[in-house]
2 protein chains.
Amino acid sequence: MEVINIETFQRFFHQLVLLYRPFENRLNTELSKHQLYRAQWSIMYYMYNDGSVTLVELSHYLGVEKPTVTRTIAKLEEMGYLEPVPTKDKREKRMQLTSAGRKVYQEVRATIDEFEQEILEGISEEEQLEGIRLMSLIRKNLMQGEF
Amino acid sequence: MEVINIETFQRFFHQLVLLYRPFENRLNTELSKHQLYRAQWSIMYYMYNDGSVTLVELSHYLGVEKPTVTRTIAKLEEMGYLEPVPTKDKREKRMQLTSAGRKVYQEVRATIDEFEQEILEGISEEEQLEGIRLMSLIRKNLMQGEF
DNA sequence: AGTAATAGTTATCAAGAGTAACTAATTATG
DNA sequence: CATAATTAGTTACTCTTGATAACTATTACT
């Protein structure tokens with residue numbers, strides 16, 4: 001087993017920073033074809049996979065504050081992609097995708113899948129899975145104590 | 001060898017988005033102890049390792065537009081961390097860290113190293129190196145054709 | 001019943017990035 | 001060599017996405 005080299009630590013996170021900007025740029029380019037932004041897409045993604053969610057759930061999941069979620073949700077509702085789901089607790093605002101929202105999700109997903117496959121070229125599924133594992137581990141370490 | 005599963009593509013990039021936000025939050029918290037921001041730090045990092053650079057070099061390296069670099073550089077110069085290096089080409093603005101800049105860099109690096117080691121807990125150097133390799137590969141795919 | 005905590009909103013601010021349009025300097029071309 | 005094209009950087013302006021503080025309404029706790 002090798003000794004942990006301090007240079008590795010540096011390079012890992014610097015690389016993350018360097019990767020994220022071009023990635024987000026490209027993602028936004030794809031999303032703009034559907035008049036959507038990254039923050040909106042993240043919420044639609046979560047809802048498509050997990051059904052109805054409250055704003056607090058979203059806030060925890062995305063790691064952003066409640067006012068940020070309120071604004072993005074309001075915009076998506078205005079666009080007709082989200083609708084409220086009645087709940088017992090009257091404080092809660094539970095939302096789900098409308099049928100229009102699900103339709104747009106599927107269209108966007110087709111575009112995004114294409115672009116993602118393109119930039120993951122030359123990377124095996126095994127490597128990708130290892131990457132996912134790494135990222136979720138780091139995320140867990142980061143969120144330790146938050147929320 | 002396994003067949004590439006479409007679900008893996010989705011999850012990889014969604015995981016990247018989910019990792020980046022808490023990471024940047026935490027990084028900014030560390031940097032705020034030194035009155036610095038992420039964008040400024042990225043530039044200092046690049047300069048410390050690569051010596052003097054022009055704004056265009058920075059723009060390519062960081063994947064942002066020139067006006068963004070201009071602004072950040074101006075702020076760092078005002079703070080006394082950067083100084084211009086004379087060049088033959090009078091259009092160019094070549095910059096390097098001042099001694100104050102190098103001093104601050106080293107101080108910040110101590111803080112950042114600590115935090116990075118903390119959140120990379122439980123991840124072997126081998127895995128980290130694999131992660132770095134993956135990220136730079138994807139970055140290369142992403143930047144294909146840009147610039 | 002009265003206090004705590006929770007969910008969400010409103011208002012305001014800031015970082016950081018982009019685009020368009022520009023100047024000054026250098027290279028290329030005809 | 002003179003002029004056109006390219007390159008480096010700047011200025012002015014806009015936008016997205018996030019944060020904080022202070023608030024209301026509802027629910028849970030003691």
Undergrad: Could you work out which one of D:dG18, D:dT10, C:dG8 sits closest to the side chain of B:Leu55?
TA: D:dT10
Undergrad: Look at all strands and tell whether A:Arg71 reaches a base, only sugar-phosphate, or nothing, counting heavy atoms closer than 4.0 Å.
TA: base
Undergrad: Calculate the interatomic distance between A:Lys66 atom NZ and D:dA25 atom P; express it in whole Å.
TA: 15 Å
Undergrad: Specify whether B:Tyr45 and B:Tyr105 have parallel, tilted or perpendicular ring planes, treating 30° as the upper limit for parallel and 60° as the lower limit for perpendicular.
TA: tilted
Undergrad: When you check the glycosidic angle of C:dA4, does it come out syn, meaning within 90° of 0, or anti?
TA: syn
Undergrad: Map A:Pro67 and A:Tyr37 onto DNA chain D by nearest heavy atom, then report which one ends up closer to the 5' terminus.
TA: A:Tyr37
Undergrad: OP1 or OP2 of C:dG18 sitting under 4.0 Å from any side-chain N/O of A:Asn25?
TA: yes
Undergrad: Rounded off to whole Å, could you give me the CZ-to-C1' distance for the B:Arg26 and D:dA19 pair?
TA: 18 Å
Undergrad: Once you apply the 3.5 Å cut-off to both distances, tell me the Watson-Crick or G-U wobble partner of D:dT27, or none.
TA: none
Undergrad: Closer than 4.0 Å, any side-chain N/O of A:Arg38 to the OP1 or OP2 of D:dG18?
TA: yes
Undergrad: Between residues 80-94 of chain A and DNA chain D, which residues have a heavy-atom gap below 4.0 Å?
TA: A:Lys88, A:Asp89, A:Lys90, A:Arg91
Undergrad: What integer distance in Å separates A:Glu65:CD from C:dG8:P?
TA: 14 Å
Undergrad: Nearest to the side chain of A:Thr68 - D:dG9, D:dA19, C:dA15?
TA: D:dA19
Undergrad: Counting only side-chain N and O atoms of B:Thr70, is one of them less than 4.0 Å from OP1 or OP2 of D:dT10?
TA: yes
Undergrad: Using a strict cut-off of less than 4.0 Å between a Lys/Arg side-chain nitrogen and an Asp/Glu carboxylate oxygen, indicate whether A:Glu30 and A:Arg109 qualify as a salt bridge.
TA: no
Undergrad: OP1 or OP2 of D:dT17 less than 4.0 angstrom from a side-chain nitrogen or oxygen of A:Thr72, does that happen here?
TA: no
Undergrad: Please tell me whether B:Thr111 and B:Glu114 have a donor and an acceptor in their side chains that are separated by less than 3.5 angstrom.
TA: no
Undergrad: Does the distance from a Lys or Arg side-chain N to an Asp or Glu carboxylate O, for B:Glu77 and B:Lys93, drop under 4.0 Å?
TA: yes
Undergrad: Considering heavy-atom distances to DNA chain C, does A:Glu57 or A:Arg21 have its closest nucleotide positioned more toward the 5' end?
TA: A:Glu57
Undergrad: Which distance, rounded to the nearest 0.5 Å, do you find between the CD1 of A:Ile73 and the CZ of A:Arg71?
TA: 12.0 Å
Undergrad: Round to the nearest Å and state the distance from B:Ile73 atom CD1 to C:dA15 atom P.
TA: 17 Å
Undergrad: Report the distance from atom CD of B:Glu78 to atom C1' of D:dT10, rounded to the nearest whole Å.
TA: 16 Å
Undergrad: Do A:Tyr48 and A:Met44 sit in the same hydrophobic cluster, where Ile, Leu, Val, Met, Phe, Trp and Tyr count as joined when their side-chain heavy atoms come under 4.5 Å apart?
TA: yes
Undergrad: Quickly work out the A:Gln35 CD to D:dT16 P distance and round it to whole Å.
TA: 12 Å
Undergrad: Go through C:dG8, D:dT11, D:dG9 for me and flag the one nearest to the B:Thr54 side chain.
TA: D:dG9
Undergrad: Can you tell me how far C1' of D:dT16 sits from CD of A:Glu24, to the nearest Å?
TA: 9 Å
Undergrad: Any chance you could measure B:Ser59, atom OG, to B:Glu65, atom CD, to the nearest 0.5 Å?
TA: 6.0 Å
Undergrad: What does C:dA4 pair with, Watson-Crick or G-U, if both distances are under 3.5 Å?
TA: none
Undergrad: Taking atom types as modelled and ignoring hydrogens, do the side chains of B:Thr54 and B:Arg94 form a donor-acceptor contact shorter than 3.5 angstrom?
TA: no
Undergrad: Expressed in angstrom and rounded to an integer, what is the separation of A:Ile43 atom CD1 from D:dT17 atom P?
TA: 10 Å
